[in-house]
Amino acid sequence: MSDALLAALDIGGTKIAAALVSPDGSVLARTRRPTPADRDAEAVLAAAAEALAELAESVHWPQVAALGIGSAGPVDIARGTVSPVNIPGWRGFPIVERVAELPAVKGLPVTLAGDGIAIAAAEHRYGAAQPYRNALCLVVSTGVGGGLVLNNELHTGTTGNAGHIGHISVAFDGESCPCGGRGCLERYASGTAIARRALATGWRPPADDASAVAVAESARAGDPVALAAFDRAARALAAGIAATATLVELDAVVVGGGVAETGDLLFAPLRTHLTTYAALPFAASVRLHRARLGTDAGLVGAAAVAAAALTR
């Protein structure tokens with residue numbers, strides 16, 4: 001089975017991606033669809049099914065040994081269900097069962113992981129977290145997810161949500177979150193939050209594009225409101241990272257996802273704010289890295305989780 005390929009499905013609030021991944025982490029084929037997050041459960045499943053059906057047309061598909069699913073959370077790996085905060089139509093959705101029934105997938109073992117756990121698996125096996133025994137891996141995109149590696153092992157927790165840093169409170173009297181909490185990191189540091197903050201504080205989007213990508217373009221051009229929105233997101237991230245480092249003693253933090261692709265717009269203020277929030281010596285020593293696998297981390301990580309399940 002060492003030369004077998006893995007199929008991967010990466011489900012987020014903005015896009016659904018699918019890929020064929022080799023044992024060394026290389027992506028051999030890929031496809032993606034927009035996530036119809038404002039529609040019902042079956043419409044979201046249909047987008048995932050289309051992506052997998054397209055992937056199954058590859059000449060490599062007969063070599064696939066298993067499918068790994070990385071999904072925005074919360075997830076429940078014991079039940080095989082997902083309830084992504086940013087996909088309202090999926091609440092307790094039995095994704096493992098429903099995907100296993102798809103014609104392209106039938107007969108393959110299917111393994112579920114939260115997107116943060118998937119990114120942690122990818123970066124620890126192939127990427128920037130490789131040298132470290134204890135690491136937090138973040139995905140900062142439409143939402144904020146995370147996964148922990150402790151003592152060189154993925155730490156999933158009972159349901160698969162350990163390390164879900166996006167729903168740590170960084171403001172005890174802060175904004176209400178769709179998860180039911182208050183002051184969650186995701187409400188301040190996600191791409192959605194950056195765009196919302198910029199609009200609320202006077203930013204005027206060019207060409208009616210009010211996305212975080214457009215905010216980043218304005219920030220690169222020196223727009224002070226756009227820069228302030230990124231600084232606020234970085235400060236919230238620093239608070240969440242410092243809290244986690246204080247709790248479990250991290251060696252490193254790896255940050256990926258679409259917002260991380262903005263580079264120093266995020267990382268420069270994040271490094272600065274970490275010096276304030278991670279004040280204790282054992283937390284202050286944490287190393288900050290940009291995810292090495294980029295936007296492929298979720299797919300490669302889902303495949304890595306599936307590969308690990310085959311050996312159990």
Side-chain angles (χ1 to χ4, degrees), residues 12-14 37 72-74 84-88 114-116 119 136-148 161 163-203 205 210-219 223-247 250 253-279 283 286 288 290-291:
T14 303
V85 172
N86 294 310
I87 306 177
D115 58 357
I119 230 181
L136 169 67
C137 298
L138 293 173
V139 52
V140 186
S141 188
T142 307
V144 177
L148 286 167
N161 293 289
H164 197 4
I165 191 173
H167 295 284
I168 283 179
S169 178
V170 293
F172 70 87
D173 59 353
E175 297 180 25
S176 295
C177 179
C179 79
R182 181 174 290 277
C184 291
L185 175 59
E186 185 168 289
R187 297 296 292 172
Y188 299 90
S190 66
T192 309
I194 289 169
R196 185 174 61 246
R197 176 67 175 184
L199 284 167
T201 51
W203 175 67
S211 67
V213 172
V215 179
E217 289 174 358
S218 294
D223 185 314
V225 175
L227 285 165
F230 270 91
D231 183 80
R232 181 174 183 258
R235 185 152 54 97
L237 278 173
I241 289 168
T244 307
T246 303
L247 187 67
L250 299 172
V253 175
V254 176
V255 185
V259 175
E261 295 298 308
T262 63
D264 278 347
L265 283 180
L266 180 71
F267 282 90
L270 177 54
R271 288 189 180 94
T272 298
H273 290 305
L274 270 174
T275 62
T276 299
Y277 286 93
V286 69
L288 178 65
R290 183 170 169 176

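Values in this document were obtained by computation on a predicted structure and should not be read as measured data. Counting begins at 1 with the first residue of the sequence.
Taking the side chain to side chain donor-acceptor pair (under 3.5 Å) definition, one finds that T142 meets it with T14, sequence neighbours left out. Under the rule for a side chain to side chain donor-acceptor pair (under 3.5 Å), N86 has no partner lying at least two apart in sequence or in another chain. D223 pairs by the side chain to side chain contact (heavy atoms under 4.5 Å, CB included) definition with W203, S218, V225, A226, not counting sequence neighbours. In this structure, the side chain to side chain contact (heavy atoms under 4.5 Å, CB included) partners of P178, at least two apart in sequence or on a different chain, are V85, R187. Partners of S211 by side chain to side chain donor-acceptor pair (under 3.5 Å), not counting sequence neighbours, listed by chain and number: D209. Considering only residues two or more places apart in sequence or on other chains, R182 meets the side chain to side chain contact (heavy atoms under 4.5 Å, CB included) condition with S176.
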Check against side chain to side chain contact (heavy atoms under 4.5 Å, CB included), V170 and L237
CA-CA 9 Å; V170 293; L237 278 173; over 6 Å; no

Going through the checks in order, is the side chain to side chain contact (heavy atoms under 4.5 Å, CB included) test met by V253 and L274?
CA-CA 11 Å; V253 175; L274 270 174; over 6 Å; no

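In this structure, the separation between OG1 on T192 and CZ on R197 is 15.5 Å, given to the nearest 0.5 Å. Rounded to the nearest 0.5 Å, atoms CG (L138) and CG (L185) are 8.0 Å apart. Atom-to-atom distance recorded for L270:CG and R290:CZ is 12.5 Å, nearest 0.5 angstrom.
The two atoms that bring A278 and A283 nearest to each other are CB-O, 3.8 Å, heavy atoms only. Summarising the geometry of C137 relative to I119, their closest heavy-atom pair is CB-CG2, 3.6 Å, with the distance given to 0.1 Å. When all heavy atoms of A72 and D115 are compared, the pair lying nearest together is CA-OD2, 3.5 Å. Closest of all the heavy-atom pairs between Y277 and R235 is OH-CG, 3.4 Å. Closest of all the heavy-atom pairs between A193 and A189 is CB-N, 3.9 Å. For the pair A219 and L265, the tightest heavy-atom approach, listed with the atom from each and the gap, is CB-CD2, 3.8 Å.
Tested against V144 for a side chain to side chain contact (heavy atoms under 4.5 Å, CB included), the candidates I165, I168, V139, V255 yield a single pass: I165.
You'll find the side chain of S190 stays beyond 4.5 Å of the side chain of V259, heavy atoms only. Put simply, the side chain of H273 reaches to within 4.5 Å of the side chain of D231, judged on heavy atoms.
By the 4.0 Å N-to-carboxylate-O rule, E175 lies close enough to R196 to be salt-bridged with it.
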